Each structure stands twice: as structure tokens, then as C-alpha cells.
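Below is one structure, written out as C-alpha cells; the observations come after it.
Please read these numbers as outputs of a predicted model, since none were measured by experiment. In what follows, every chain begins at residue 1, and chains take the letters A, B, ... in the order their sequences are listed.
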Amino acid sequence: MPAQQQHDQQRLAHEAMPLDEGGPTRAPLAGAGAGSQAATEAAVQAAARTGGVRISNVSKSFGTDESRTLVLDGIDLSVGMGEFVSVIGPSGCGKSTLLKVIAGLTDADGGEVTVDGNPVSAATKNKMIGLVPQSPALMPWRTVLDNVTLPMSVNRGANGGRSMRDPVELLESFGLGHAIDKYPAQLSGGMQQRVAIARAFVFDPSVLLMDEPFSALDEMNRDQQRMGLLDFWQSNRKAVIFITHSVPEAIMLSDRIVVMAAHPGRIAEIIDVDLPRPRSVDDYATDEFRDLEGIVRAKLRAVMEPGAADAAAGGTGETR
Amino acid sequence: MTEVRVRGAQLTATEATATVGTASAVPSGRRKPRHPGRHVPASRRWYKWRIWLPPAVTFVIVAVVWQLLALANPYVIPTIDAIVASLLRDPQMYWVNMLVTLQEVVIGATAGILVGFLIAVVMAEFEIMERAVMPLFVVIMVTPIVAIAPALVVAFGFGMMPKYIVTALVVFFPMLVNSLAGLRDVDQRTLDVMRTLHASRWEIFRDLRFPGSMPFVFAGLRVALPLAIVGAAVAEFVAAGQQAGLGSLVTIAAAQANLPVTWASIVLLCVLGVLIVSFLALVRNRVLWWSDGETVAR
Ligand SMILES: Nc1ncnc2c1ncn2[C@@H]1O[C@H](COP(=O)(O)OP(=O)(O)O)[C@@H](O)[C@H]1O
Ligand SMILES: [Mg+2]
């Protein structure tokens, strides 16, 4: 099957999913006729097998032969369609490197990454990956609207058969309707980061990769942006891999939290977040949230214990 | 070349300061704001004479000292009134010569700017080209232009061509170096976003490298354009008397010990320089309104 066609088919299956509960495999199919049900179910299962991001046995090292350091060591991770997965771990454990491998910006030394069944090179060619870097990375000479439409104006060959979002509508739903004609320098840091997120959503990619998108914001702003992203994502489910330093942030947003350990970078544990969706600020105060926070923090402490220096430099972000 | 900090005209720097304080006053049209940061609120108007008064005082002092020195040494420098009288006696002659020099600067500098920028683009896209040809350009750069000029006159005759070439040569190197720095100085994270979208090399150039290089290009122009006047004048010195131009005028008048004409021509060369630099600042404000204006030329 051609990559684009397969991509679209999976997108269809994905869109049939209810918004409020369950992962892609558990989702009952709304409106599927009895006759076609079996066929559609098979398609969904096929999509579930290859859909989303599959990372298997990925390793990466930097440096020349004598002073080679292993940064990623046998990473295995699958992120299903419509699933939100956070990655948390000490500084320098290879989170950004992992994201760059998935985004096709760095080649892994070994292992395999697929996005909706396509190797990364094909996935970038088909514009299936949306990247939100650590800083907004907007073009200061373009208006907010022109920044958001950037993904449509490059690699136009991959635009065919794709359901682009209306950028103005999208910006409005991000609370940026009044800022469409403004320039990035006229916006606050939080608003700039929202523009960067809109730019990643606008071309309807299969997966969104976010590298500490809120880390440069102050705590108040940060919480506001986080809840904004949560609200938007809960009604526009995408596979998301989200790097963060904040434990509450990881819990509030994610279906699963990947805790990484350093030297070499590896997955120490994957913690399920079974808080019901849709979530809201009220969830911060629940016992379940507090329990999860305790579990994640304990795991992070365990991961950081052997190397005291790492723990000092790492800093798991905020304390609530 | 020594590092020169480029801030544009004094007025520009202060306008930029005013922008920070009045971000909300910036109009938000559908396209780019017409004059972002041009709006100076009434409470800040007093700034204006803080801008103009100090240099004005300096100029007055220099003029007074000049006049006193000229009165004391009549055979070394002319008095200011003698210079002005000379300018008024034959404005047509000065105007014609100024236009010739301006023509050399405009044509020569345009050629130098375009060639410098285009070669910078090639070098930025193909790193091997930089390694291959940059040493050659450095050799050309360190060769004194006053030594090249007579050789070019021999080669190309006494017409305008050697003047264009000398002017272009002087402009070329600062343009090349600054454009190259600008084209290389892309925001890595924006580049990551574009690469993840599989943007083509051309798209990355068109949407990111080219507009992003403009602060450096203008920093380069700020160095190169005054140099263009030097280049044009030097070329005229070499072939003095064969062709018009303010540089020729200086040489001929100095040889005849005609102090007022010599200095009137020098003053006009200064005026030409100020006009060109002001024009550049004007264009920079239009094109580069989004930049903070702190790019350092190399
Ligand atoms: N391009 C590179 N060359 C050499 N070392 C690198 C490079 N990129 C990252 N590293 C190293 O890999 C390790 C992991 O980096 P990174 O993925 O940025 O960590 P994190 O995002 O988890 O803080 C660090 O020790 C860093 O120094
Ligand atoms: Mg990082």
C-alpha cells in the first residue's frame, strides 16, 4: 500500500474514536454498519499494529571511536494513535536525542523507528511529523498567521489528500484570534509557544513531538499553556510524545509516563496514568493524582540516585 | 577588517528604545505595521533635542576652531566662508562632478553587493566552495586598493570602467563576509522544524536563510557603502584630469594649491557619504523593522 494512502486510512480509523475515553484499540466504532464491521475492525487492528510511533531497539552514541559515549541504549517504545506519552528524566539522559531521531533530524546507530508504519524518512517526506521545539522558533519577520501556515507552503508535494486545518479557526481555538496579524515580538512567551503548537497541528500530522515546550515559561503561564494544550488535545486526539521536566505536567497530560535513566540513556519504567479524561485543573487536588505524583517522584529519585552529580544537575523541575 | 559596531543612525537607536516602551501603540494592520516604533509619545518628545543638541554643539565648536586656524594659517586651510563662496560661485561644476562620483558609487557598489551576496549564497550552500575560493578573496582583500587602482587604469583605460571595478572590489569583501555570516546564522530550532517538514533546500533558503541574513547584510552595507566612496575617490585620483568626479577635482585643485576648491570638493564627498548612509538607514528601517538592530559587522 502506498504510504500516503495507508496514512489516510489510518487517519480515518483514528477519527472514528470517541474523545473521552479509551485508547485506539479499545475504541468502539461509532456508526459502523453490521456488515462492514468485521472489515473495519480488521483495519483498525492493522492500524493499531503499525499506527502511531514504534521505536524498537534504538541506540545512538556520540563522539569519535576512543571517546564514544552511548546516549541511547536499546530504546523500545510504542505510542498508539491518539495516545499522549510524556518522557521525563534527568538532564542529559538523551530525551532530546530520542526526539531528534524520531523527527528524522538525527540518524540512529541502530534500531528502527516507524510512524504509522512508515520509516522516518518516508514519514518526513509525507509531512507526518509535527515538531514543537523548546523555544517557539517563530520567524520574527512573519505574522502569526504566516508563521502558522509555514508547513503548508513548504514541501507542497505532500499536501495532496490531506485535510489541512483552517489556520484562522485553529488560532482562534488557541485563543489567538486577536493576534493573527501580530508579529511574534508583540506576543508574550506563552502566546508565542501556542503559535508554535498551532503550527505543528495545522497540517494534521500523524504524530506531534514536543521538547519541553513550556520550560521557558514562568509557573503561572506554564500551567495556563499546559491546560490549553490539554483542552485542545482532548478534542483533537493525536499521538504525542512530550518531553517535560515537570512531574505534575506529565501526569496531567499523559496516558503514560516514560521515566528515563541516564548514562546510558534508557527507559527505566513506564507508568500508566489511569486518571479519567477529560481532565481539568480539579484533578491536581485528587488523591489519585497525588498518589501518581508520589510514584513518579520515587521512580525519578531511584533513577538519579547512583550518580549524585546527575541528580544535582538534572532537577526534576518544579515542586508543587 | 576591525570589528565595527553598527547601530544605524543615532535616531534609529532611539526610536528602537521608544518601541519597547510603547509596544501596545504599534498598529496591527493586516500586513506589516507601516512604521513600527515610529510613534513617539508626547512625553518623550524632549528626547529629540537630547539627540540633536550634543552633535550640533560639537559641530559648532569644530567650525569655530577651524575658522580660527584658517585665519591664522591662510596658506594651509581655507576659511569656511571661502569654501562656501567657492561652492556658490560655480554650483553647476560641483553638481556635475558629484553626479559622476555618485554614478561610480551606485554602479560599482551595486555590482560589488550583488556579486558578494551571490558568492556568499554559493559558499553557504556548498561549504567546499568556501574552502576552495575564500583564500583567493582574502588575498585580494589584503592587497592595497591604492596599488590595484593604477594597474586597473592601465588595463581598462581612463574611462569609467576602472572606477566601477575599484568601487566594486572595495564593497565586495565586507558584503561577502557579512552575508555569509548571516546565511549561516540560522536559528537551529526553526531549521529543525523545516527539516522535519522535509522542506527543500530552496524553501529553506527562501523562507529562512535569506530573510534571516538581512541583519548581517545591512551591517555589511553599513561598512561597505562608505568604503565605496573611498574606492571611487581613489580610482579618480589615479586618473585625475581624464574624467570628472569629486576625487579628480580634489587632486587637480590641490596640485594648483587652490584651497577653497580642494576643500569644497572634500566637503561634498562628505555630504555624499552622509546621504548614502542616511539612505541606507532609511531602507534598513523599512526592511528590517523586525530586527533589534544590534548586528555586528565583521
Ligand atoms: N550533537 C551531539 N554531539 C555530541 N554529543 C551530543 C550531541 N547531542 C547530544 N549530545 C549528548 O548526548 C547526551 C544527551 O543529550 P540530550 O538528548 O540533549 O539530553 P536531554 O534532552 O535528556 O537533556 C548529552 O550528554 C549530550 O551532551
Ligand atoms: Mg533536552
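Contacts between residues 117-129 of chain B and chain A, defined by a heavy-atom separation under 4.5 Å, are made by no residue at all. The stretch residues 184-197 of chain B places B/Asp187, B/Arg189, B/Thr190, B/Asp192, B/Val193, B/Met194, B/Arg195, B/Thr196, B/Leu197 near chain A, each with some heavy atom under 4.5 Å from a heavy atom of that chain.
Closest of all the heavy-atom pairs between B/Leu208 and A/Met139 is CD1-CE, 4.0 Å. When all heavy atoms of B/Arg206 and A/Val154 are compared, the closest pair comes out as NH2-CG1, 4.2 Å.
Under the ring pair (Phe, Tyr, Trp, His ring centres under 6.0 Å) criterion, A/Phe232 pairs with A/Phe174, A/Phe201, sequence neighbours left out.
Between chain B and the residues A/Pro140, A/Ala123, A/Ala200, the largest count of heavy-atom pairs under 4.5 Å involves A/Pro140. Of the listed residues A/Gly104, A/Ala185, A/Ser135, the one with more heavy-atom pairs under 4.5 angstrom with chain B than any other is A/Ser135. Taking chain B as the reference chain and counting heavy-atom pairs below 4.5 Å, the highest number among A/Arg156, A/Arg199, A/Arg142, A/Lys125 is found for A/Lys125.
Sequence neighbours left out, the pairs with a member in residues 91-141 of chain A that pass ring pair (Phe, Tyr, Trp, His ring centres under 6.0 Å) are A/Trp141-B/Trp290.
Within a 6.0 Å radius of CG in A/Asp218, other residues, nucleotides and ligands contribute more than 12 heavy atoms. The number of heavy atoms from other shown groups lying within 6.0 Å of CZ (A/Phe62) is above 12.
For a residue to count as touching a neighbouring chain, one of its non-hydrogen atoms must lie under 4.5 Å from one of that chain's; by this rule A/Ala103 touches chain B with backbone and side chain alike.
Contact of the B/Asp207 side chain with the A/Ser153 side chain is registered, since non-hydrogen atoms from C-beta on lie closer than 4.5 Å.
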